[in-house]
Amino acid sequence: MPTVRPAATGVFATGTTLLLSRALRAAKLDRTLYEEVEADRTATGQAVVIVAFGALAAAIGAAPTVSVPGGLGIVGSVVAGLLGWAAYAAAAYVVGGTVLRGRDTKTDWGELARTLGFASAPRALLILGQSLEAIVALWVLATTLLAIRAALDVSTRRTIVVAIVAWLVFVLVQGLAGAFIRGLSFGALTL
């Protein structure tokens, strides 16, 4: 007779199910999801997990072509991903919450961080390799625009401007973090 395992129960199972459900809804461009996580202060931890997993997936998917030794490259990718996400959310908050603030804009960094964290859900597909990079980038662009619009309650035009300015800051932070990690990796090789 086959062994029957009990269904997963408890907070972890419920939290995992909610996280996966929300990540799928975010990837499906479900506008209501972005409004939901904007308002749910407990979703910040879920956003962190999604961003970290997306960075991990990208590092694993790129592993065959990357020459950074061992776990330092993967750990560095996750750290850089989290720093970039935080910087992107901060830039979007400063630009969209103050300079390009809409009439209905009432936001804080946490709202932008949560919505933008969920917007990176499609990055999980990068675990399959770099051949999907262009498709995933366009997909994340679409989810990012939904996330910013939900958090800031602004027009599409303002959403696009905020996204562009915040992206420029994001690229700068990612570049600096990448250079730092490469410097650490190089130092580890010469010790």
Side-chain angles (χ1 to χ4, degrees), residues 8 10-27 37 40-94 109-141 143-144 147-148 151 163 166-191:
V11 175
F12 180 75
T14 304
T16 302
T17 302
L18 179 60
L19 172 66
L20 292 175
S21 170
R22 282 180 162 179
L24 286 172
R25 288 174 56 207
V37 298
D40 183 0
R41 292 185 179 274
T42 66
T44 305
Q46 292 177 343
V48 169
V49 169
I50 290 170
V51 171
F53 186 78
L56 178 64
I60 291 169
T65 61
V66 176
S67 61
V68 178
L72 184 61
I74 290 175
V75 170
S77 294
V78 172
V79 169
L82 289 169
L83 289 173
W85 162 65
Y88 191 89
Y93 172 67
V94 169
W109 178 86
E111 290 177 357
L112 278 152
R114 285 189 295 278
T115 59
L116 289 169
F118 277 88
S120 69
R123 294 192 75 224
L125 291 175
L126 293 174
I127 200 166
L128 301 174
Q130 291 179 311
S131 62
L132 295 174
E133 201 167 342
I135 293 167
V136 170
L138 290 173
W139 195 348
V140 170
L141 174 61
T143 57
T144 296
I148 291 172
W167 179 78
L168 291 171
V169 172
F170 171 77
V171 168
L172 176 65
V173 170
Q174 287 290 92
L176 291 173
F180 178 73
I181 297 301
R182 282 189 299 280
L184 286 178
S185 298
F186 181 74
L189 290 174
T190 59
L191 292 179

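On a predicted model such as this, the values are computed, not experimentally measured, just so you know. When a residue number appears, it is its place in the shown sequence, counting from 1.
Taken from CG in L125 to CD in E133, the straight-line distance is 12.5 Å, to the nearest 0.5 Å. Rounding to the nearest 0.5 Å gives a distance of 11.0 Å between CG of L56 and CG of L126. Between the CZ atom of R25 and the CG atom of L18 there is a distance of 8.5 Å, given to the nearest 0.5 Å.
Here the side chain of Y88 pairs no donor or acceptor atom with the backbone of V171 at under 3.5 angstrom. A donor-acceptor contact shorter than 3.5 Å links the side chain of W85 to the backbone of A113. Checking side-chain atoms of T143 against main-chain N and O of V140 turns up a donor-acceptor pair under 3.5 Å.
For the pair G117 and A47, the tightest heavy-atom approach, listed with the atom from each and the gap, is CA-CB, 4.0 Å. F53 and A124 make their closest contact through CE2-CB, 3.6 Å (heavy atoms, listed as atom of the first residue, atom of the second, distance).
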task: May I have the step-by-step check of side-chain contact (heavy atoms from CB on, under 4.5 Å) for E111 and Y93, ending in yes or no?
output: CA-CA 9 Å; E111 290 177 357; Y93 172 67; over 6 Å; no

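For T42, the side chain to side chain donor-acceptor pair (under 3.5 Å) partners two or more places apart in sequence, or in a different chain, are D40.
The list of side-chain hydrogen bond (donor to acceptor under 3.5 Å, both in side chains) pairs with a residue in residues 115-124, not counting sequence neighbours, is empty.
For W109, the CH2 atom counts as densely surrounded, since its 6.0 Å shell holds more than 12 non-hydrogen atoms of other residues, nucleotides or ligands.
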